[in-house]
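Note that the coordinates shown come from a computational prediction; the quantities given were computed from them, not determined experimentally. All chains are named by letter (A, B, ...) in the order of the sequence lines, taking the proteins before the strands, and each is independently numbered beginning at 1.
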There are 2 protein chains.
Amino acid sequence: MAERVTLVTLAAELGVSRQTISNVLNAPSRVKEETRVRVVEAIARSGYRPNSAARQLRNRTSMNLGMRLRPAASDGVNGAVLDGFLHGLTEAAQDRGYRLTLFCADTDEQEIHRYEELLSVADLDGFVLTSTNRDDQRTVWLTEHEVPFVTFGRPWNTAGKPVLSQHSWVDVDGRSGVREATEHLLAQGHQQIAFLGWPAGSGVGDDRWMGWVEAMTAAGIPDGWSALRCAGDDSVPAGSTGAAELLGRGATSFICASDSLALGASAYLWQSHHPDAAASVIGFDNTPVAAAVGVSSISQLVRAAAREVIRLMLRQLQEPGGRPEPVLLAPKLELRDLQRFTQ
Amino acid sequence: MAERVTLVTLAAELGVSRQTISNVLNAPSRVKEETRVRVVEAIARSGYRPNSAARQLRNRTSMNLGMRLRPAASDGVNGAVLDGFLHGLTEAAQDRGYRLTLFCADTDEQEIHRYEELLSVADLDGFVLTSTNRDDQRTVWLTEHEVPFVTFGRPWNTAGKPVLSQHSWVDVDGRSGVREATEHLLAQGHQQIAFLGWPAGSGVGDDRWMGWVEAMTAAGIPDGWSALRCAGDDSVPAGSTGAAELLGRGATSFICASDSLALGASAYLWQSHHPDAAASVIGFDNTPVAAAVGVSSISQLVRAAAREVIRLMLRQLQEPGGRPEPVLLAPKLELRDLQRFTQ
DNA sequence: ACAGACTATTTGAACGTTCATATTCTTTAG
DNA sequence: CTAAAGAATATGAACGTTCAAATAGTCTGT
């Protein structure tokens with residue numbers, strides 16, 4: 001077994017003191033250029049790496065960020081979104097020298113307990129929250145305890161509208177994504193464009209819905225289009241049911257609030273021999289399934305979002321009192337040709 | 001800000017020494033029952049938690065396990081499997097007081113570099129490996145450096161057969177799963193059962209294929225069934241292509257090596273007006289998509305697998321010299337009714 | 001040549017544990 | 001009543017780092 005290299009052993013070998021090496025790493029300006037170079041070379045040669053436990057003990061900082069891993073959504077189609085986000089987050093954190101620690105919790109309340117535990121036991125430096133509720137208690141707790149955090153998702157208040165943020169967040173502008181998708185269908189000549197969403201009241205769902213309303217209004221589509229809207233739960237069957245109904249009301253194309261809905265709609269339309277309508281379905285989240293089946297979808301660009309989250313987190317860690325920053329990313333419309341398996 | 005509770009402050013408050021409290025936690029037998037109770041109560045009352053950085057520094061042990069997060073598979077449908085595994089792993093680790101640290105790597109070689117780094121910097125206690133290659137270099141390195149690890153997936157040697165394991169692993173018995181699924185179709189009266197898989201040579205793929213061969217042989221199906229096999233890449237379109245070809249050769253039902261293939265097969269059969277054949281497709285992995293669409297599938301029970309991985313890991317951590325243990329779990333056939341969207 | 005002002009480097013202490021050893025207290029036997 | 005043995009608890013040192021303060025080294029201007 002190779003001997004462990006520490007500040008002390010390396011210092012002895014070089015004939016300098018611990019602190020000099022420490023300074024080379026943490027405050028290079030304090031050290032003469034010549035020694036600095038000599039030390040840097042020695043570090044590279046010896047493979048020395050500062051021990052994080054010792055640093056953590058001394059600095060109360062662990063270079064570790066925490067994130068709750070949520071159980072796969074009931075439906076599961078959309079679970080893949082957080083999967084991509086997690087990957088991007090790990091990567092971005094790693095690039096900056098941070099590590100990611102996962103934990104589980106069944107409820108938000110339990111999540112807060114885990115914060116407390118992880119802070120005192122493992123000195124986590126901050127947390128990333130993934131799905132923000134209305135009047136989220138977690139953000140209240142974290143703010144009160146002055147723990148750095150960034151949310152992926154806007155804070156929505158009781159009225160279901162985004163509130164002026166007390167904290168940094170990153171989100172994807174669903175409204176503009178849906179608007180753009182609607183405009184795309186309009187440009188293709190569609191007029192009877194339906195919106196397949198969720199019951200009014202959810203911040204995210206209403207936001208996406210508004211994108212459709214805006215585009216349709218702006219296009220000056222004659223009256224009646226606002227009835228081309230259907231709300232149900234977030235599932236494949238709900239997509240089929242909704243599509244059936246909207247088709248009956250004359251819809252020729254469909255914007256859906258999720259890929260689950262889009263998948264159901266597309267399958268129904270195809271099977272009921274409306275191939276053109278089936279090809280004019282646009283989903284949301286750009287899940288792998290939509291890609292595999294060839295359904296167009298609005299992509300959240302989760303990798304970019306993850307990178308932004310880490311950027312905001314580091315800003316907070318560097319200047320604790322800083323002003324919170326909101327980041328709203330534009331999603332990207334992924335257009336595809338529906339797979340037609342019959343020749 | 002609440003004052004931090006440490007061994008010293010708590011000891012002072014109680015009028016005992018640091019070490020006594022430490023013993024209550026780590027070696028209760030050394031301490032008089034009466035004091036033990038008194039200390040335990042004080043710990044609960046004060047909310048004291050041992051600081052893990054200090055423990056880590058002293059013990060060279062971090063209660064932290066590492067796992068590489070792999071980029072979502074090209075296809076993505078099957079990515080959900082590792083997602084469920086990750087969740088189960090986090091949960092099981094957490095229940096035993098361990099935490100999970102994620103990291104990224106592009107290649108196996110890079111992964112080994114990360115092991116080295118994480119071991120010296122963060123004193124990780126062990127690693128969980130997810131996809132084992134043939135003659136996996138990572139397991140070689142970890143064994144040589146006496147680092148505890150468990151793989152999810154059998155070690156396959158160059159011949160593509162499972163080797164006598166030098167290390168602990170957990171895997172799902174794909175062969176028996178496929179055999180069971182085939183037997184299920186046989187019991188339903190099917191004889192022309194096709195197998196839609198990958199090119200020969202992959203350990204996992206060949207193993208699943210063998211399950212079909214075994215069941216068909218055992219059932220004494222008349223000659224000719226062995227031609228009802230198709231191999232392609234792991235994608236939805238490949239499933240459709242394969243199904244089309246096999247249908248031409250007389251297949252009435254289909255066992256697939258993955259849900260991607262099953263999805264493609266099912267969609268093709270449905271669209272080409274073979275609803276009965278479409279309803280007799282069985283996939284592998286029981287992904288959320290298969291569930292959503294109503295395709296039957298063989299489930300890997302990843303949560304149970306994750307729990308086993310943690311159990312084996314803890315065994316290794318407790319007795320470092322112990323004999324490696326292989327665990328082969330039986331998968332579970334999930335039968336579903338295909339969603340029929342047309343009335 | 002020397003005080004004064006920097007610059008560069010070193011030393012002691014501390015972060016919160018646990019191991020090894022030392023001390024104190026309790027019991028038992030002679 | 002005391003010595004010895006054993007049980008219970010306490011103390012010093014160490015893990016590897018960084019902060020704060022101390023020391024050594026270099027330069028400037030007179």
Subject >> N-O pairing of R68(B) and D108(B) below 4.0 Å >> reply: yes
Original post:
Is the shortest distance from a Lys or Arg side-chain nitrogen in E41(A) or R38(A) to a carboxylate oxygen in the other one below 4.0 Å?
Top reply: no
Subject >> Axial bend angle, the helix from dA1(C)-dT30(D) to dG30(C)-dC1(D): five-pair end segments, nearest 10° >> reply: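 End-to-end axis angle: 60°.
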When the distance from [atom1] of [X] to [atom2] of [N] is rounded to whole Å, what number comes out?
{"X": "L14(A)", "N": "dT9(C)", "atom1": "CG", "atom2": "C1'", "answer": "14 Å"}
{"X": "N51(A)", "N": "dA14(D)", "atom1": "CG", "atom2": "P", "answer": "18 Å"}
{"X": "R55(B)", "N": "dG16(D)", "atom1": "CZ", "atom2": "P", "answer": "19 Å"}
{"X": "L10(B)", "N": "dA10(D)", "atom1": "CG", "atom2": "P", "answer": "13 Å"}
{"X": "R49(A)", "N": "dT17(D)", "atom1": "CZ", "atom2": "C1'", "answer": "17 Å"}
{"X": "L57(B)", "N": "dT18(C)", "atom1": "CG", "atom2": "P", "answer": "12 Å"}
{"X": "L7(B)", "N": "dT11(D)", "atom1": "CG", "atom2": "P", "answer": "14 Å"}

Subject >> DNA chain D contacts among residues 33-44 of chain A, heavy-atom distance under 4.0 Å >> reply: none
Subject >> Flag for S120(B)-R49(A): side-chain donor and acceptor within less than 3.5 Å >> reply: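 Result is yes, a qualifying pair exists.
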**OP:** Please name the residue in the list L314(B), V150(B), V327(B), T151(B) that meets the side chain to side chain contact (heavy atoms under 4.5 Å, CB included) test with V309(B).
**Re:** V150(B)
**OP:** Run the numbers on D123(B) and N64(B) for side chain to side chain contact (heavy atoms under 4.5 Å, CB included), then give the verdict.
**Re:** CA-CA 8 Å; D123(B) 294 315; N64(B) 241 299; over 6 Å; no
Original post:
Is any side-chain heavy atom of V39(B) less than 4.5 Å from a side-chain heavy atom of V31(B)?
Top reply: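 The answer is no, as the side chains (C-beta and beyond) never meet within the 4.5 Å cut-off.
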Original post:
Are the side chains of F152(A) and L89(A) in touch, meaning some heavy atoms are under 4.5 Å apart?
Top reply: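 Side chain of F152(A) against side chain of L89(A), heavy atoms only: no contact under 4.5 Å found.
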Table of protein N/O atoms under 3.5 Å from nucleotides 19-24 of chain C N/O atoms:
residue : atom : partner : partner atom : Å
dC19(C) : N4   : Q19(B)  : OE1          : 2.6

Original post:
So T130(B) and L86(B), side chain to side chain contact (heavy atoms under 4.5 Å, CB included) or not? Walk me through it.
Top reply: CA-CA 10 Å; T130(B) 47; L86(B) 180 59; over 6 Å; no
Original post:
Which sits closer to the 5' end of DNA chain D, L25(A) or V16(B), going by the nucleotide each is nearest to?
Top reply: V16(B)
Original post:
For V8(A) and S17(B), take the nucleotide of DNA chain D holding the closest heavy atom to each; which residue's nucleotide lies nearer the 5' end?
Top reply: S17(B)
Subject >> Residues that F103(B) engages under ring-ring contact (aromatic ring centres under 6.0 Å, His included), provided they are two or more places apart >> reply: none
Original post:
Looking only at side-chain N and O atoms, does T20(B) come under 4.0 Å of OP1 or OP2 in dA10(D)?
Top reply: yes
Original post:
Would you say R60(A) reaches dG16(C)'s phosphate, i.e. side-chain N/O to OP1/OP2 under 4.0 Å?
Top reply: yes
Subject >> Residue list, side chain to side chain contact (heavy atoms under 4.5 Å, CB included) with R307(A), at least two apart or on another chain >> reply: A92(A), R303(A)
Subject >> With R323(B) via side chain to side chain contact (heavy atoms under 4.5 Å, CB included) - residues at least two apart >> reply: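 Result, side chain to side chain contact (heavy atoms under 4.5 Å, CB included) vs R323(B): none returned.
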Subject >> Closest listed nucleotide, where the reference is the side chain of K32(A) and the choices are dA8(C), dG16(C), dT9(D) >> reply: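 Taking heavy atoms from C-beta onward, the closest nucleotide is dA8(C).
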**OP:** Inspect the surroundings of CZ in R114(A) and state if more than 12 heavy atoms from other residues, nucleotides or ligands are less than 6.0 Å away.
**Re:**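 Buried by this count: over 12 neighbours within 6.0 Å.
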